[in-house]
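What follows is a single structure, written as structure tokens, with notes after it.
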Number of protein chains: 2
Amino acid sequence: MGDTGNTSSTRNTAPASPSAPASTQERLVTSTQELLWERGYVGTSPKAILERAGVGQGSMYHHFTGKSDLALAAIRRTADGMQQAAEECFTAPGTAYDRVASYLLRERQVLRGCPIGRMTQDRDVVRSPELRQPLDEMFGWLRHRIAEVLAEGQRRGELAAGLDPVATAAAVAAVVQGGYVLARAAEDTAPFDAAVRGVLALLAAQAVIPATAPSSDTA
Amino acid sequence: MGDTGNTSSTRNTAPASPSAPASTQERLVTSTQELLWERGYVGTSPKAILERAGVGQGSMYHHFTGKSDLALAAIRRTADGMQQAAEECFTAPGTAYDRVASYLLRERQVLRGCPIGRMTQDRDVVRSPELRQPLDEMFGWLRHRIAEVLAEGQRRGELAAGLDPVATAAAVAAVVQGGYVLARAAEDTAPFDAAVRGVLALLAAQAVIPATAPSSDTA
DNA sequence: GTCTATATCGGGATAGAC
DNA sequence: GTCTATCCCGATATAGAC
């Protein structure tokens with residue numbers, strides 16, 4: 001129960017040389033990331049992890065205290081990767097709308113779902129403060145970052161001043177997560193794409209018209 | 001494997017007299033509905049269902065061919081209930097915006113998540129055509145119904161003609177499902193509420209101004 | 001119809017050899 | 001560090017008594 005003794009906590013960086021032959025520990029984490037994505041936490045057994053990683057039981061219990069400890073390492077790794085990928089969209093050049101659009105339209109494996117969002121539906125994950133924390137941080141950061149981009153767009157006069165950056169950011173993040181749900185229910189990416197088009201169109205309507213006459217402030 | 005022999009298929013109505021002491025079969029379905037919501041499909045064992053329903057193993061395998069067959073009955077029942085609840089919002093009086101808002105703002109047990117949306121994250125459910133069908137129908141109907149309401153709003157001149165009803169409907173449905181995800185990650189309903197406020201504000205901006213001068217058509 | 005055995009399998013973890 | 005052997009329990013289903 002009280003496991004998850006990850007002392008090397010917080011650190012969840014991938015190995016320095018990504019090309020080097022993966023260590024046993026690395027292979028365990030990678031395999032766990034894949035299986036958590038495919039089957040969720042309850043659906044993922046240590047046995048399946050070991051088989052995919054190609055190692056024996058002993059190795060796993062040597063490097064990790066148990067299933068939840070290994071899952072913690074895997075979830076952190078995945079969350080970090082997602083955050084980096086998202087940040088690339090938000091720092092891209094262009095208007096606030098462009099950058100949000102870049103995030104929404106970025107390539108995704110829609111039918112596989114969101115590897116982090118999925119964890120949210122897993123009872124054992126949400127009930128464990130340690131396992132939930134990376135999800136909380138990731139989505140908290142995401143909403144905050146989108147809100148920042150939107151607020152910046154307002155300051156630049158690109159977006160209507162009346163827009164609520166925080167609420168809009170939550171809506172944008174929710175559309176992506178909900179899009180996954182709708183797509184998986186239909187076994188078709190179309191609902192995801194439609195949802196993204198939907199918010200983007202609504203957001204585009206908030207773009208300020210190129211300012212017909214700001215001529216007065218120069219006079 | 002090839003079970004789910006629900007011959008009384010399609011029918012998933014609750015018993016005629018909801019007040020009468022629930023039959024064994026009814027208690028099994030109800031217990032399964034609850035457990036699927038709480039723990040998902042993989043996380044729900046027949047044993048747990050039997051304990052909650054207060055019946056023995058024999059009863060379950062007498063009325064149903066197995067776990068998946070019972071789950072099918074439960075999922076259908078839940079999906080039907082959700083559809084009915086949603087329809088009440090859409091048939092309510094008021095503008096298209098009002099009716100969509102009524103759906104979005106309707107009371108929910110946000111932190112428990114969506115009982116149908118959750119199934120979407122469950123491998124065994126999505127991989128089974130029978131089990132996935134109710135989800136597909138439910139969300140398909142939902143998107144279609146929201147699109148209808150929006151299109152009607154356009155015809156009535158309440159909403160901007162440029163609005164894409166189908167894409168907007170997908171976005172609205174996605175915001176709800178994604179809101180659940182964000183809320184559960186944060187263990188806080190705030191992100192859900194923010195997301196709903198967000199889309200509603202964006203949608204409100206699509207409302208046509210009360211028409212300053214429709215005076216010409218009477219002349 | 002409903003119950004209580006019973007059977008088989010896999011999940012999750014430990015022990016101890018190499 | 002890594003492996004295999006072993007342990008205990010719960011998941012899922014069947015058999016057959018009442």
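We name chains A, B, ... by the order of the sequence lines, and we start the count at 1 in each one. Remember, it's a predicted structure, so these values are computed and weren't measured experimentally. The analysis underlying the following values was restricted to heavy atoms, covering all of them including side chains, and did not include hydrogens, waters or symmetry mates.
- In this structure, B:Met60 atom CE and D:dA11 atom C1' are separated by 11 Å, rounded to whole Å.
- Taking side-chain N and O atoms only, A:Lys67 has a distance below 4.0 Å to OP1 or OP2 of C:dG12.
- Computed from coordinates, the B:Glu51 CD to D:dA11 C1' distance equals 12 Å when rounded to whole Å.
- For residues 167-188 of chain A, the set of pairs meeting the ring-ring contact (aromatic ring centres under 6.0 Å, His included) definition, not counting sequence neighbours, comprises A:Tyr180-A:Phe192.
- Rounded to whole Å, the distance from CG on A:Leu50 to P on C:dT14 is 14 Å.
- No contact: A:Ser23 has no heavy atom under 4.0 Å from any strand.
- In this entry the distance linking CZ of A:Phe64 with P of C:dT14 reads 16 Å, nearest Å.
- Toward the 5' end of DNA chain C, the nearer of the two residues A:Ala48 and A:Gly58, judged by each one's closest nucleotide, is A:Ala48.
- In this structure, A:Lys67 is positioned above the aromatic face of A:Tyr41, its NZ or CZ under 6.0 Å from the six-membered ring centre and within 45° of the axis.
- Of the listed nucleotides (D:dG1, C:dG1, C:dT14), C:dT14 has the atom at the smallest distance from the side chain of A:Tyr61.
- For residues 70-92 of chain B, the pairs satisfying ring-ring contact (aromatic ring centres under 6.0 Å, His included) are B:Phe90-B:Tyr103, with sequence neighbours left out.
- Which of D:dC3, C:dT2, D:dT2 sits closest to the side chain of A:His63 comes down to D:dT2.
- Counting only heavy atoms from C-beta on, A:Thr24 has its side chain closest to D:dT2 among C:dG11, D:dT2, C:dT14.
- A cation-pi arrangement, defined by a distance under 6.0 Å to the six-membered ring centre and an angle within 45 degrees of its axis, is present between B:Arg112 and B:Trp37.
- B:Arg39 places its CZ atom 13 Å from the C1' atom of D:dA11, with the value rounded to the nearest Å.
- For B:Ser45, the listed nucleotide lying nearest its side chain is D:dT12; candidates were D:dT12, C:dC3, C:dA13.
- Here the C1' atom of nucleotide C:dG12 and the OH atom of A:Tyr41 are 10 Å apart, to the nearest Å.
- Rounded to an integer number of Å, the gap from CG of B:Leu70 to P of D:dA11 is 15 Å.
- Side-chain contact between A:Leu72 and A:Arg76 is present, with at least one heavy-atom pair separated by less than 4.5 Å.
- Nearest-nucleotide assignment on DNA chain D puts the 5′-proximal partner with A:His62, out of A:Gln57 and A:His62.
- Regarding B:Leu28, its CG atom lies at a distance of 9 Å from the P atom of C:dC3, rounded to whole Å.
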